[in-house]
Amino acid sequence: MKNLAEFAQAIEEKIEGKMDLSEIQQLIEKPKFEGQGDLAFPCFALAKMMRKAPPKIAQELAPRISHSAFEKVVADGAYINAFFHKKVESKAVIEEIKMKRNAYGQHEFGKQKNIVIDFSSPNIAKPFSMGHLRSTVIGNSLAKIAEKCGYQPVKINHLGDWGTKFGKLIVAYKQWGDEDAVQKQPIKELLELYVKFHQEAEKNPR
């Protein structure tokens, strides 16, 4: 990541060789909350070397760190937090998309690897809902992202366990079913029978 490397280099210049660039890069993290910035460097590792409390180190270093990639760099407790220039970053991303077109975001770290993604896997004894559509769309989107990263996605929408669910429906129909009602509104009536089965099973587990 270009900005991470730039942030690490800017920090390295100010701590005067107390930590090498690769160590700094490994310590940089993403802040927990969006309002805290885009990158954060914890100063705990510098405390022993500089013989100062981490918050004090952050307060001293943050005002001295500047780079064209960052709108501002601030101290936040024991962390040095950097905020990207949003307009500059947005423009750079758009230009990269225009240049790479369909290849934008493409990677090969998943090459020759499979990844299994489960979709909605609905209960076939109950009606489908918008929730099933939502999880299926999310699953398909994740599969496309994985494919873009070189993986071979295995997409599953499991419709198993037919026997148990339909067994319950058959028992419920035999016990409380009304053929005319089921003929008129099959989905509604069968769902009510399925629900009734579970209610009765709780009352009489045996």
Side-chain angles (χ1 to χ4, degrees), residues 1-15 17-47 49 54 58 61-62 65-122 130-160:
M1 180 179 176
K2 181 183 176 184
N3 286 337
L4 188 150
E6 291 169 339
F7 186 40
Q9 188 173 3
I11 293 171
E12 183 194 32
E13 291 172 0
K14 301 305 177 185
I15 62 176
K18 291 181 174 63
M19 188 179 294
D20 64 40
L21 189 61
S22 62
E23 289 180 296
I24 295 170
Q25 288 180 324
Q26 288 176 3
L27 289 172
I28 291 174
E29 59 190 65
K30 181 176 176 60
K32 185 176 181 181
F33 301 105
E34 185 177 347
Q36 293 177 315
D38 299 291
L39 295 174
F41 174 76
C43 295
F44 304 104
L46 295 171
M49 304 173 194
L61 289 179
I65 296 173
S66 63
H67 194 282
S68 59
F70 303 113
E71 182 180 354
K72 61 180 178 179
V73 178
V74 301
D76 187 354
Y79 290 80
I80 299 172
N81 291 5
F83 292 74
F84 294 160
H85 273 295
K86 297 298 188 292
K87 289 185 179 180
V88 174
E89 286 301 304
S90 298
K91 183 178 180 181
V93 170
I94 291 171
E95 290 300 320
E96 187 177 358
I97 292 171
K98 288 166 64 178
M99 181 179 68
K100 293 184 177 179
R101 301 179 71 82
N102 291 339
Y104 177 76
Q106 193 164 317
H107 300 281
E108 292 192 353
F109 52 76
K111 192 174 182 180
Q112 296 183 335
K113 296 179 183 178
N114 294 332
I115 183 169
V116 179
I117 300 177
D118 191 8
F119 286 10
S120 58
S121 298
M130 287 299 294
H132 293 107
L133 176 61
R134 176 178 177 272
S135 56
T136 299
V137 169
I138 291 172
N140 192 55
S141 298
L142 291 173
K144 288 181 178 294
I145 292 171
E147 192 171 8
K148 196 79 171 179
C149 295
Y151 290 98
Q152 177 62 47
V154 180
K155 297 177 277 188
I156 298 175
N157 214 4
H158 183 62
L159 301 177

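Counting from 1, the numbers follow the sequence of the chain as shown.
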### Query
Can you list the steps and then say if Asp38 with Asn3 is a side chain to side chain contact (heavy atoms under 4.5 Å, CB included)?
CA-CA 10 Å; Asp38 299 291; Asn3 286 337; over 6 Å; no
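- Residues Gly105 and Lys148 approach most closely at O-CG, 3.7 Å, considering heavy atoms.
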#### Entry: Derivation and outcome, side chain to side chain contact (heavy atoms under 4.5 Å, CB included), residues Tyr151 and Ile145
CA-CA 9 Å; Tyr151 290 98; Ile145 292 171; over 6 Å; no
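- When the shell of 6.0 Å around CE of Met99 is examined, it contains more than 12 heavy atoms from other residues, nucleotides or ligands.
- Contact detail for Ile117 and Leu142: the closest heavy-atom pair is CD1-C, 3.7 Å.
- Separating the NZ atom in Lys144 from the SG atom in Cys149 is a distance of 13.5 Å, to the nearest 0.5 Å.
- Looking at every heavy atom in both residues, Ser120 comes nearest to His132 through CB-O, 3.3 Å.
- Counting heavy atoms from C-beta outward, Ile24 and Phe7 have side chains that stay 4.5 Å or more apart.
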### Message
Could you go through Glu89 and Lys86, starting from their C-alpha distance and side-chain angles, then the distance that decides it, and tell me whether this counts as salt bridge (Lys or Arg N to Asp or Glu O under 4.0 Å)?
### Response
CA-CA 5 Å; Glu89 286 301 304; Lys86 297 298 188 292; over 6 Å; no
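- Taking the side chain as every heavy atom from C-beta outward, Phe41 and Leu46 approach each other to under 4.5 Å.
- The distance from atom CG of Leu4 to atom CD of Gln9, rounded to the nearest 0.5 Å, is 12.0 Å.
- Between Ala58 and Gly77, the shortest heavy-atom distance links the atoms CB-O, 3.5 Å.
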### Query
Does the pair Phe83 and Phe70 meet the rule for a side chain to side chain contact (heavy atoms under 4.5 Å, CB included), with working shown?
CA-CA 5 Å; Phe83 292 74; Phe70 303 113; over 6 Å; no
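- The structure places OG of Ser66 at 9.0 Å from CD of Glu13, a figure rounded to the nearest 0.5 Å.
- Panel note: side chain Asp20, backbone Glu23; a donor-acceptor pair is recorded below 3.5 Å.
- The shortest non-hydrogen separation linking Pro54 to Phe44 is CG-CD2, 3.6 Å.
- Note that the CD1 atom of Ile11 and the CG atom of Leu27 stand 9.0 Å from one another [nearest 0.5 Å].
- If you take CD on Glu108 and NZ on Lys113, they are separated by 12.0 Å, rounding to the nearest 0.5 Å.
- Here CD of Gln36 is found 10.5 Å from NZ of Lys30. Values are rounded to the nearest 0.5 Å.
- Annotation for Ser121 and Asn157: closest pair N-OD1, 2.8 Å, computed over non-hydrogen atoms.
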### Query
Can you list the steps and then say if Met49 with Ile15 is a side chain to side chain contact (heavy atoms under 4.5 Å, CB included)?
CA-CA 10 Å; Met49 304 173 194; Ile15 62 176; over 6 Å; no
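- Taking the charged nitrogens against the carboxylate oxygens, Lys98 and Glu95 do have a contact shorter than 4.0 Å, which makes a salt bridge.
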